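Worth knowing before you read on, the calculation uses all heavy atoms, side chains too, and leaves out hydrogens, waters and symmetry mates. What you are looking at is a predicted structure, and each value in this text was computed from that prediction instead of being measured.
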Amino acid sequence: SKDTLNQLIATVHDVNIIDLKEYSNQEIWFFNKNIYGSSYIKPLSDYKLKDGYNAEFAYLAGRFGGIPNIIGG
C-alpha cells in the first residue's frame, strides 16, 4: 500500500547490480567507513553522472568511496 511508511534495505556484494538501466541512482547507496572506523552511507544520486555513464566501472575505479578489495583465487 502506498499509505505505509515501510522501507526495505538489502545489502549485496555483487557489483554487477550497479546498473542504472535497472535501478535509479536514488535506489543505490554505498556504505563506507571513515578514518575512525565509523560507517556512513551515501546515495549514488549525490554524485554527478552524465547520461549513459557506466556506474559499475566508476565504482570499481573508486569514484564513489573506498576502492573495493577483490581477492582472486
**Complete:** The remaining residues in the hydrophobic cluster of I9, counting side-chain heavy-atom contacts under 4.5 Å among Ile, Leu, Val, Met, Phe, Trp and Tyr, are none
**Request:** For Q26, enumerate each residue passing the side-chain contact (heavy atoms from CB on, under 4.5 Å) test, keeping only those at least two apart in sequence or located in another chain.
**Result:** S24, S45
**Complete:** Residues at least two apart in sequence or cross-chain that pass side-chain contact (heavy atoms from CB on, under 4.5 Å) with K42, listed by chain then number, are D46, Y47
**Message:** Distance check, rounded to the nearest 0.5 Å: F30 atom CZ versus F64 atom CZ?
**Reply:** 5.0 Å
**Message:** Quick check on side-chain contact (heavy atoms from CB on, under 4.5 Å): which of I28, I18, L44 does Y23 satisfy it with?
**Reply:** I28
**Complete:** Tracing side-chain contacts under 4.5 Å among Ile, Leu, Val, Met, Phe, Trp and Tyr outward from F57 reaches none
**Asked** Can you name the residues that form a side-chain contact (heavy atoms from CB on, under 4.5 Å) with I41, not counting sequence neighbours?
**Response** W29, F31
**side chain to side chain contact (heavy atoms under 4.5 Å, CB included) between R63 and Y53, intermediate numbers included** = CA-CA 12 Å; R63 174 128 193 284; Y53 195 77; 4.2 Å; yes
**Request:** Carefully, step by step, assess V15 and L60 under the rule side chain to side chain contact (heavy atoms under 4.5 Å, CB included).
**Result:** CA-CA 8 Å; V15 298; L60 291 172; 4.0 Å; yes
**Complete:** N16 meets the side chain to side chain donor-acceptor pair (under 3.5 Å) criterion, sequence neighbours left out, with D14
**Fellow cluster residues of Y40, listed by chain then number, with links counted only when side-chain atoms sit under 4.5 Å apart** = none
